[in-house]
> 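Please see the structure below; I have some questions.
All of these numbers come straight from a predicted model, not from anything done at the bench. Residue numbers start from 1 in every chain, and the chains themselves are labelled A, B, ... in the order their sequence lines are given, proteins ahead of strands.
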Amino acid sequence: MTKMIKVLKGTKDILPQEAEKWHRLEKNALEIFSKYGYKEIRTPILEATELFARGVGDTTDIVNKEMYTFEKSDRSITLRPENTAGVVRSFIENGMARLSAPVKLWYKGPMFRYERPQAGRQRQFHQVGVEMFGIKEPTADAEVILLAVDYLKSLGLNDLEVEINSLGCPNCREEYKKRIKEVLKPEFNHLCEDCQNRYEKNPLRLLDCKVDSCKEIFAKPEIQKVIQSDFICEECAKHYSDLKSYLTKLNVPYVENKLLVRGLDYYNRTVFEIKSNNLGSQNAVCGGGRYDSLVKNLGGEDTPAVGWAMGMERLNSLLPDVEPEKLDAYIVCNSPSDAFELAQELRVKGIKVEFDLANKKFTKQLEKASKVAKYALILGEDEIKSNKVSIKNLETSEQVSVDRNDVINNIG
RNA sequence: GCGUCUGUCGUCAAGUGGUUAAGACCUCGGAUUGUGGUUCCGAUAUGCAUGGGUUCGAAUCCCAUCAGACGCCCCA
């Protein structure tokens with residue numbers, strides 16, 4: 001036997017039995033997002049590598065070690081690891097800054113990251129996300145979070161927790177980083193290897209380290225004092241507290257998490273995540289925040305923006321399984337040409353109907369009908385002669401004989 | 001990149017050194033050539049992830065490789 005070719009590590013087939021759940025995710029996205037005025041945008045899966053290096057940030061793990069990058073005709077090309085950079089690229093390239101603000105866009109589609117797969121993490125996965133451009137006020141942050149919660153509710157997901165934080169602006173954040181590094185300097189040699197790396201790369205990240213020895217260090221009063229201090233500047237603080245009061249007014253429950261830091265470089269001020277307790281250790285279904293300098297950094301007009309992305313596989317695993325939908329009818333007939341004819345008559349009218357293409361025995365056909373359909377439409381020699389169809393309700397076993405043109409009125 | 005655990009039919013599995021590798025579901029066929037879902041009968045792994053080794057004898061023990069699950073890092 002020739003060697004089996006299997007799906008690549010970290011990739012998965014989405015099988016027919018899961019299709020209905022995916023349709024639900026997609027249908028609700030379209031419905032809910034359009035209620036808030038969002039339009040769908042579809043950007044290419046392939047983009048110039050440089051877009052992500054400049055957009056996502058070349059100190060991030062995503063760009064440094066997780067991208068699928070290859071050379072083609074002297075160009076470096078990358079499979080998108082996320083879609084904010086692509087949407088921003090399109091926003092700039094298509095002159096959307098000239099449109100009346102806000103510009104509200106949503107997307108869905110596959111993303112690619114070369115990581116070790118585990119629960120809730122694949123190398124090819126799907127995200128659905130929104131981006132809003134042109135509004136610097138905290139109303140935009142609030143609406144975008146409200147939209148996320150609304151969408152999750154539409155899927156029946158209620159027991160999720162919204163976590164928020166403010167990273168401040170580049171100015172006040174630098175100040176905060178400096179203070180963290182100062183207070184941790186004497187402890188540097190006692191930090192774990194990961195934390196020592198984070199010390200230079202992203203000091204904000206090392207505060208929620210899970211290693212016990214690090215936890216002990218961070219628990220020290222003088223260090224806690226720095227962590228808990230309100231470092232953000234007045235303007236940022238106002239933005240943050242306005243956001244919080246909007247959320248309260250809108251009945252969006254949230255918890256503040258000072259340790260919430262997103263791993264992408266472009267965020268400023270608001271960051272948030274939505275988490276579930278019913279997932280593994282990868283428990284965030286939604287992550288997002290404000291990125292006021294990204295559009296400018298990628299060569300566009302200075303345009304404030306907020307957005308988020310959700311992992312569709314993670315959402316999907318929280319959704320209850322659904323029974324596969326049955327056919328409306330299955331035609332039981334020994335004459336394929338007559339069965340074809342009846343099937344097409346009904347399909348034109350919107351009925352879901354199949355018949356046995358292999359022309360098996362009557363009892364086999366009926367058996368199949370009972371498995372896959374609500375009604376069996378029996379079209380035998382007698383029925384064909386008299387232009388009738390016998391309709392059998394496969395749940396109640398009731399059977400009636402009706403005129404062929406009347407079938408549609410009897411299988412509702 | 002690191003760590004832990006796991007690989008027996010399409011699926012779920014029993015078997016943990018001794019003749020032909022249980023069972024269940026699914027699928028297919030028959031009982032049943034115009035009446036299904038219940039029932040009964042039958043079919044379906046010369047092979048236990050792959051390759052070596054130990055042994056009189058290996059699905060079972062050892063080694064390597066591969067694959068998967070979970071966790072770290074990071075993220076959706």
Side-chain angles (χ1 to χ4, degrees), chain A residues 1 3-4 6-12 15 17 56 59-66 81-84 108-129 148 192-195 197-198 201-202 205-206 208-211 260-264 271-276 279-289 307-318 330 332-335 356 358-384 390-399 401:
Chain A
M1 199 167 94
K3 201 181 156 219
M4 282 261 282
K6 300 202 276 189
V7 275
L8 260 14
K9 186 194 278 276
T11 68
K12 278 207 169 93
L15 298 168
Q17 55 265 37
V56 179
T59 64
T60 60
D61 279 4
I62 290 181
V63 170
N64 272 322
K65 41 187 202 193
E66 295 176 4
E82 57 96 60
N83 207 29
T84 297
K108 64 172 196 293
M111 309 294 160
F112 303 83
R113 292 181 201 173
Y114 187 77
E115 299 177 90
R116 272 303 264 277
Q118 66 183 74
R121 170 186 295 163
Q122 293 168 210
R123 289 180 174 181
Q124 175 177 347
F125 61 103
H126 296 78
Q127 285 188 332
V128 56
C192 71
E193 205 185 315
D194 286 329
C195 280
N197 286 328
R198 285 185 282 231
K201 233 169 79 183
N202 193 348
R205 276 226 83 84
L206 85 193
D208 64 346
C209 184
K210 277 124 203 147
V211 176
L260 177 60
V261 177
R262 318 239 60 250
L264 293 77
V271 289
F272 57 91
E273 282 185 5
I274 302 178
K275 292 179 179 173
S276 163
L279 294 166
S281 67
Q282 310 305 317
N283 61 352
V285 291
C286 175
W308 50 251
M310 296 196 192
M312 295 179 81
E313 281 80 3
R314 291 183 191 177
L315 287 177
N316 205 37
S317 68
L318 294 172
Y330 192 90
V332 175
C333 178
N334 287 323
S335 158
D356 178 31
N359 201 20
K360 287 188 195 153
K361 290 198 295 192
F362 182 90
T363 50
K364 289 293 172 193
Q365 293 191 26
L366 197 57
E367 188 183 339
K368 172 84 170 179
S370 71
K371 280 178 191 157
V372 301
K374 297 171 199 159
Y375 292 91
L377 305 183
I378 298 164
L379 186 63
E381 281 174 36
D382 301 344
E383 283 89 350
I384 290 169
S390 294
I391 301 178
K392 178 162 189 155
N393 182 322
L394 291 163
E395 264 178 41
T396 62
S397 295
E398 286 171 80
Q399 185 168 328
S401 179

> Has A/Ser281 got a side-chain N or O lying under 4.0 Å from the OP1 or OP2 atom of B/G71?
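Yes, such a contact exists.
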> Quick one: look up who B/U19 pairs with, Watson-Crick or G-U, both distances under 3.5 Å, and put none if it's unpaired.
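Checking every strand shown, B/U19 finds no partner, since no pair has both distances under 3.5 Å.
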> Check step by step if side-chain hydrogen bond (donor to acceptor under 3.5 Å, both in side chains) holds for A/Ser335 and A/Glu381.
CA-CA 9 Å; A/Ser335 158; A/Glu381 281 174 36; over 6 Å; no
> Is there a donor N/O on one and an acceptor N/O on the other, under 3.5 Å, for the side chain of A/Lys361 and the base of B/U33?
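Check fails, no donor-acceptor contact within cut-off.
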> To the nearest Å, give me how far apart CG (A/Asn393) and P (B/U35) are.
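Distance, rounded to whole Å: 19 Å.
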> Figure out the CD/C1' separation between A/Gln122 and B/A67, and round it to whole Å.
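Computing the A/Gln122:CD to B/A67:C1' distance gives 16 Å.
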> Test for a donor-acceptor pair under 3.5 Å between the base of B/G34 and the side chain of A/Glu383, counting only N and O atoms.
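Side chain to base: pair present.
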> Whether the side chain of A/Lys392 and the base of B/G36 hold a donor-acceptor pair under 3.5 Å is what I'd like checked.
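Donor-acceptor pair under 3.5 Å: yes.
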> Ignoring hydrogens and geometry beyond distance, is the side chain of A/Gln282 in donor-acceptor contact with the base of B/C74 at under 3.5 Å?
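For A/Gln282, whose side chain was compared with the base of B/C74, there is a donor-acceptor pair (under 3.5 Å).
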> Check every strand shown and say whether A/Lys360 touches a base, only sugar-phosphate, or nothing at a heavy-atom separation below 4.0 Å.
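The answer is sugar-phosphate, as A/Lys360 gets under 4.0 Å only of primed atoms, P, OP1 or OP2.
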> What verdict does the salt bridge (charged side-chain N to carboxylate O under 4.0 Å, His left out) test give for A/Lys65 and A/Glu115, after you've listed the backbone C-alpha separation in whole Å, the side-chain angles of each residue and the deciding distance to 0.1 Å?
CA-CA 8 Å; A/Lys65 41 187 202 193; A/Glu115 299 177 90; over 6 Å; no
> In Watson-Crick or G-U wobble terms, both distances under 3.5 Å, what is the partner of B/A45?
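Answer to the pairing question: none, since B/A45 forms no Watson-Crick or G-U pair.
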> Under 4.0 Å, heavy atoms only, any strand: does A/Gly280 hit a base, just the sugar-phosphate, or nothing?
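Contact class for A/Gly280: sugar-phosphate only.
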> Over all strands shown, is A/Asp382 touching base, sugar-phosphate only, or nothing at heavy-atom distances under 4.0 angstrom?
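The answer is base, as A/Asp382 lies within the cut-off (heavy atoms under 4.0 Å) of a base atom.
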> Across all strands shown, which nucleotide pairs with B/U55 by Watson-Crick or G-U wobble geometry, both distances under 3.5 Å?
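Its partner is none (no Watson-Crick or G-U wobble pair with both distances under 3.5 Å).
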> Classify the nucleic acid contact of A/Glu273 as base, sugar-phosphate or nothing, counting any heavy atom under 4.0 Å across all strands shown.
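No contact at all - A/Glu273 keeps every heavy atom at 4.0 Å or more from the nucleic acid.
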> Distance between the C1' atoms of B/C66 and B/A49, in whole angstroms?
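8 Å, rounded to whole Å.
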> Please give, in whole Å, the distance from B/G34 P to A/Gln365 CD?
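Distance, rounded to whole Å: 10 Å.
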> Short question: side chain of A/Arg123, backbone of A/Thr11 - any donor-acceptor pair under 3.5 Å?
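Not at all, since once roles are kept as given, no pair shorter than 3.5 Å links the two residues.
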> Base, sugar-phosphate, or nothing for A/Glu395, non-hydrogen atoms under 4.0 angstrom?
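The answer is base, as A/Glu395 lies within the cut-off (heavy atoms under 4.0 Å) of a base atom.
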> Does A/Arg116 make a side-chain donor-acceptor contact with the base of B/C72, cut-off 3.5 Å?
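It does not, because no donor-acceptor pair links the side chain of A/Arg116 to the base of B/C72 below 3.5 Å.
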> At under 4.0 Å between heavy atoms, what does A/Arg113 touch on the DNA or RNA strands: base, sugar-phosphate, or nothing?
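The residue A/Arg113 makes base contact.
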> Tell me which nucleotide, if any, is Watson-Crick or G-U wobble paired with B/C66 when both distances must be under 3.5 Å.
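When the pairing criteria are applied, B/G7 turns out to be the nucleotide that pairs with B/C66.
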> Return the value, rounded to whole Å, for the distance between atom CZ of A/Arg123 and atom P of B/C75.
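Interatomic distance, CZ of A/Arg123 to P of B/C75: 17 Å.
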> So, is A/Arg205 close to the B/C73 phosphate, meaning a side-chain N or O under 4.0 Å from OP1 or OP2?
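The answer is no; no side-chain N or O of A/Arg205 sits under 4.0 Å from OP1 or OP2.
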> Just call it for A/Gly287: base, sugar-phosphate, or nothing, with non-hydrogen atoms closer than 4.0 Å on any strand.
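Sugar-phosphate, no base atom in range.
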> Look at the side-chain N and O atoms of A/Lys9 and state whether any lies under 4.0 Å from the OP1 or OP2 oxygen of B/G68.
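Answer yes for this pair, as a side-chain N or O of A/Lys9 is under 4.0 Å from OP1 or OP2.
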> Taking a pair as Watson-Crick or G-U wobble with both distances under 3.5 Å, which nucleotide is matched to B/G71?
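The answer is B/C2, by the H-bond criterion.
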> So, A/Arg121 side chain and A/Gln282 main chain: donor-acceptor pair closer than 3.5 Å or not?
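Checked: no pair found.
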> Treating A/Asn283 as the side-chain partner and A/Leu279 as the backbone partner, does any N or O pair qualify as donor plus acceptor under 3.5 Å?
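Pair absent, no side-chain N/O of A/Asn283 close to backbone of A/Leu279.
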> Nearest whole Å is fine: how far is B/A67 P from A/Lys12 NZ?
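Taking atom P of B/A67 as the reference, NZ of A/Lys12 is at 16 Å.
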> Would you tell me if any nitrogen or oxygen in the side chain of A/Gln399 comes within less than 4.0 Å of OP1 or OP2 on B/U35?
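No, no such contact exists.
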> So A/Ala284, base contact, sugar-phosphate only, or nothing? Heavy-atom distance under 4.0 Å.
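Contact class for A/Ala284: sugar-phosphate only.
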> Please evaluate the base of B/G37 for a donor-acceptor partner in the side chain of A/Ser397 within a cut-off of under 3.5 Å?
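For A/Ser397, whose side chain was compared with the base of B/G37, there is a donor-acceptor pair (under 3.5 Å).
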> Tell me the interatomic distance from A/Asp356, atom CG, to B/U33, atom P, rounded to whole angstroms.
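From A/Asp356 CG to B/U33 P: 16 Å.
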> What is the pairing partner of B/A31, taking Watson-Crick or G-U wobble pairs with both distances under 3.5 Å in any strand?
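Paired with B/U39.
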> Hey, does A/Arg262 reach any base, or is it just sugar-phosphate, or nothing, if we go heavy atoms under 4.0 Å?
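It contacts sugar-phosphate atoms only.
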> Starting at NZ of A/Lys6 and ending at P of B/A69, how long is that distance when rounded to a whole Å?
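Checked: the NZ to P distance equals 11 Å.
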> Relative to the 5' end of RNA chain B, which residue comes earlier, A/Gly380 or A/Arg198, by the nucleotide with the nearest heavy atom?
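Its nucleotide being nearer the 5' end, the pick is A/Gly380.
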> For a quick check of understanding: with a heavy-atom distance under 4.0 Å over all strands, which category does A/Leu315 fall into, base, sugar-phosphate or nothing?
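Nothing: the residue A/Leu315, judged by heavy atoms under 4.0 Å, touches no strand.
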